Amino acid sequence: MRASDLLGREVLDRDGIRLGVVTDLRCVLDGPLRGGLCAPRVEALLVSRHRTGSLLGYDRNEQQGPWLLRVLVRLLHRRLTVVPWTVVETSQAGPLARPLALRVAAADLPAAEGRRTPG
Amino acid sequence: MTVAAGRVIDLHLHLLDRQVVDPDGRMVCKVDDLELELDERGRPYVTAILLGPRALGPRLGGRLGRWVAAIGERLAERDRPVSRIDFSLVTDIGSAIAVSRPRGRLDVIPLEDWVEEHVIARIPGSRHESE
Amino acid sequence: MKQLLSVALGVLTAIGGFVDIGDLVTSGLVGSRFGLSLAWATLVGVVGICLFAEMSGRVAAVSGRATFDLVRERLGPRAGLANLAASFLITVLTFAAEVGGIALALELASSVNYLLWVPAAGLAVWLVIWRVRFSVLENVFGLLGLALVVFAVALWKLSPSWSDLAHQVLAPHNPSGEGLPTYFYYAIALFGAAMTPYEVFFFSSGGVEEHWTKRDIRTSRLNVFVGFPLGGLLSLSIAATAALVLLPRNIEVDALAQVGLPVAVAAGKLALAAAILGFVAATFGAALETGLSSGYAVAQYFGWQWGKLVRPREAARFHLVVLASTIAAVATILTTIDPIKVTEYSVVFSAVALPLTYLPILVISNDRDYMGDKVNGRVSNLLGSVFLVLVVVAAVAAIPLMLATKAGQ
Amino acid sequence: MIRLRSLVIAGAAVVAVTGCVAPAPSPGAFEGKAVQTAKAALSSVDTALLASATAVRGRLPQPYLETTLSSAEDSLSSIQTAFDSVQPPATATSDRLRDTLDRLLSRGSDGLAQLRIASRREDHAVVAEATRSLQQVADGLDRFEQEHSG
C-alpha cells in the first residue's frame, strides 16, 4: 500500500453519508523502530470537503498568517474532521474498500482542533 | 528540527514531496510517495520512501500521470521494482529528509547515472569544479 | 572593513543586476510613448520585488530550501508540475530575449548583424555557466551593469525641468491620446519587467548554494532594500531620457538602438559606449540568471542535485536541462523573430505567471514549521497581502488586455 | 492546471494571429489603420533623422549609426508592406487616402536608403540632401496624421 492510495480517497460514514476526502494522514512516530527513528504510524485520517489548498496548512493552524489567505483557505475547509484509524472499516482485509467506510456515524466524530499540529 | 519518538506529523504536509539529502549534503530525490505496511494490529506504518516516475506518476493522476508512469516503466530495467529507500535509513525529518547512506550507494537514481555517463561526462571540464 | 566591502559589493551587484532586456525595452518604450506617467507602475513593481525577494531570501536562509522546492511542497505534485511547465516556458522565453539582447547590443557596437552574434552569445553564456564560479559571475556582470548609470548622467545633462518630471510621476495621467487599455497593458508590462519570477528563483537558489544562515538575513535584506530600488532608479532614468528626447520627436521605441540614442544626444560617444557596455553586461548577466533558473526550477521540482558548487558530473541532469534551455533559447532567436517582440511578450507573461510562485513563498514565510521565529511580521504580511491582490489582478488582466490592445499597438 | 497551460498556449496563438493585418472593412476603420501606419512610419523616419543629426554633431559612432539606420529602414519597409496588404474599401476617399500615404511611405523608404548609403560612405553632401527630403516626408506624415485622426 502507498500513502497515495489513502490520500484523496472518499470517506463515507456508517450510514453511507459522505464525509469528504482524505487530505492528510496524521502519524505518530511510535511504529516499529527502524534504524534511528520509530516509523511513523498512521493514527488518524484528516478528512475535508475538498483537497484544494489543504497543503497550505491553514486548515490546521489558527495562527498562520497572513489574515487574507487564512480566511480564504479556512472558508474552503470549514469542516476538517479527524477520523481515528480505529474506526475505519478494514475487516474485509486485502485492498481497502473504495471509498473508505467508517464504523461510526459522522456526528460522533470530533471536529479538528484549531491549534497547530505538533511538529 | 530533530525527531523525538512520539512526535506527531502529518504525512502529506511534513513528509511527502520533501527533499531527501544524503550525509554529504547532496540531493538525492523527492519523497514521491511512501510505502505503508500494516502492523500486527492492522494499523499502517511507513516502511519506505518511494521515488522515480513510477512513484510520482500515479500521484499526478490522469493521462499525464499514466504517461509518466509508463515512461518510468520503459526506462527501468526489467523486473526492477519501484526505487525505494528503506525508512531505516532516515535519520531526520525536517525541511529536508536526511538519510544515512551516501547518494552513490543508494542506487536509486539510474537516470542521473545514465545522463552523467553518456552526456555530461563527455563534455570537457565536467570533472572539475568551477574557477 | 572587509565586511563593509562585501556588503557594498552585494548592493552594487544588486543595482547592476536589476536591469535586464525586459527593463531596457519596456522602460524605453513606455518613456517614449507615455512619458513618466507610468512611473508608478515601475515603483510598485520595485516594492513588489523587494518584498518577494526578501521573503524568499529569508526562507532560503532559514530553511535551506529554494523557491521551487516549496512550490511542490505547498501545491502538491500536480499543480506544482503545471506551475513548473508555465514557469519554465516563461523563463526560457526570457532567456531567449536576453540572448537576443546580447546580440542586439553587440550589433550596436559592431554593425555586424545580430543574428550572427546569437550563436556566439549562446555559447559564451553556456560556457560561463559551465565553468565559472557563482560569485564571480554574479559580481562581474553586476558591476559592469552599473555602466547603465550613464542614463542617469544623460538625464542630468539634458537638464530637464525637474518639477515637470515630478509632476508627471506624481499626477499620473494618460498623455498620449492612446486608449486606457493600452495604458494599463503597459502598466502590467512594467510591473512584470520589475517582478520577473526568474530573479527570485535565482536569488533564493543562490542563497541556498552559498549556505546562507539566519546571520545572512541582514545582508540579504540590505542588498534587496538598497540595491533593487537603486536599480529601479536606473529603469526610471531610461524612461525619463526616452520621455525627454524621443517622445517630443514622435519616436516610439521598437529597437534597442533607440533606447541608447538619448544618451548619445545628451552626452556623446563615450557615454554611449558605456551604455552599450551596460546593455551587454545587463543582458549577459540576466541570460546567466535565466539559464541557471531554468535548471533550478526543474531540478528542484524533481529533487535532483543542482547547483554550481558541485562538479558538473555530480549534477548531471541539472546541467542537461541548462544545456537544453540554452539551445532552445538560441534556436528561438535564430528563427529571426524580433527579439524586442520576444522581450515584450516575456515581461507580460512573467506577470501572468507571477502568482504561481508568489503564493507559495508568501505561505511558507508564515509557516513556523519552516521559519521558527523568522516568520513574516505584521508589515510584511500587510504588504504581502496587498501585493497578493495586485499580482493576481495583474495576472488575470494581462491576457485580455493583450488581446484588446493587440499587444499594445 | 492543464487549463492554465492551454490558456497560455491559446493566448500566445491568438497574439500571433492578431499581430497580422486584418482586412479593413469600413472606410472609417481604413482611415484609422492609415493613421496608425503614418504614426509608426513617422517614428522610423524621425529615428533616422535624430540618429543622423547626432552623428553629424560627432556624438554617434559609425557602427551605431549604421545599425540604427538599417533597423529604421527595415521597420519602415515592414510597415509599408503591412499597409499595402490591406484591401481598401471601394470609395474614392479611401483610394485617395491610400495614394497619399503610400507615396509618403515610398518617399520615406527611398530617403532612408539614400541616407544609409551616404552615411556609410560618409558623403556629407548626400547626407544633407537625404535629410532634407526625409524632413519633408516627416512633415507630410505628421500633417497626414493630424488631418485624419478624429
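All values derive from a computational prediction rather than experimental measurement. In what follows, every chain begins at residue 1, and chains take the letters A, B, ... in the order their sequences are listed.
C:Leu70 does not touch chain B: none of its heavy atoms, backbone or side chain, sits under 4.5 Å away. For B:Asp32, the parts sitting under 4.5 Å from any heavy atom of chain C are the backbone and the side chain alike. Within the 4.5 angstrom heavy-atom criterion, no atom of B:Val20 approaches chain C. The contact between C:Ala315 and chain B is made entirely by backbone atoms, counting heavy-atom distances below 4.5 Å. C:Arg313 touches chain B through backbone and side chain together, each having a heavy atom under 4.5 Å away. Neither the backbone nor the side chain of B:Pro53 comes within less than 4.5 Å of any heavy atom of chain C. With a threshold of 4.5 angstrom between heavy atoms, B:Ile123 approaches chain C through its backbone and through its side chain.
Taking OG of B:Ser95 as the start and CE of C:Met371 as the end, the distance is 10.5 Å to the nearest 0.5 Å. The distance from the CZ atom of C:Phe318 to the CE atom of B:Met27 is 9.5 Å, given to the nearest 0.5 Å. Separation of atoms CZ (C:Phe302) and SG (B:Cys29) is listed at 13.0 Å; rounding is to 0.5 Å. C:Leu320 CG to B:His118 NE2: the interatomic distance, rounded to the nearest 0.5 Å, is 13.0 Å.
With a 6.0 Å radius and a threshold of 12 heavy atoms from other residues, nucleotides or ligands, C:Arg218 has its CZ atom at or below the threshold.
Each of C:Arg311, C:His319, C:Arg317, C:Glu314 was compared with B:Ile120 under the side chain to side chain contact (heavy atoms under 4.5 Å, CB included) criterion, and only C:His319 meets it.
Taking every heavy atom of both residues into account, C:Pro77 and B:Leu60 meet most closely at O-CD2, 3.5 Å.
Note on C:Asp69 versus B:Lys30: salt bridge recorded, some NZ/NE/NH1/NH2 to OD/OE distance being below 4.0 Å.
Between chain B and the options C:Ser63, C:Gly64, C:Ala299, C:Gly303, heavy-atom pairs under 4.5 Å are most frequent for C:Gly303. In terms of heavy-atom pairs under 4.5 Å with chain C, the best-connected choice from B:Glu112, B:Glu116, B:Gln19, B:Glu117 is B:Glu112.
Formation of a donor-acceptor pair under 3.5 Å by the B:Arg26 side chain with backbone atoms of C:Gln305 is not found in this model.
The shortest side-chain heavy-atom distance between C:Leu81 and B:Leu64 falls under the 4.5 Å cut-off.
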(Q) Pair C:Arg74, B:Leu13 - check side chain to side chain contact (heavy atoms under 4.5 Å, CB included), show working. (A) CA-CA 8 Å; C:Arg74 286 301 132 135; B:Leu13 194 63; 3.9 Å; yes
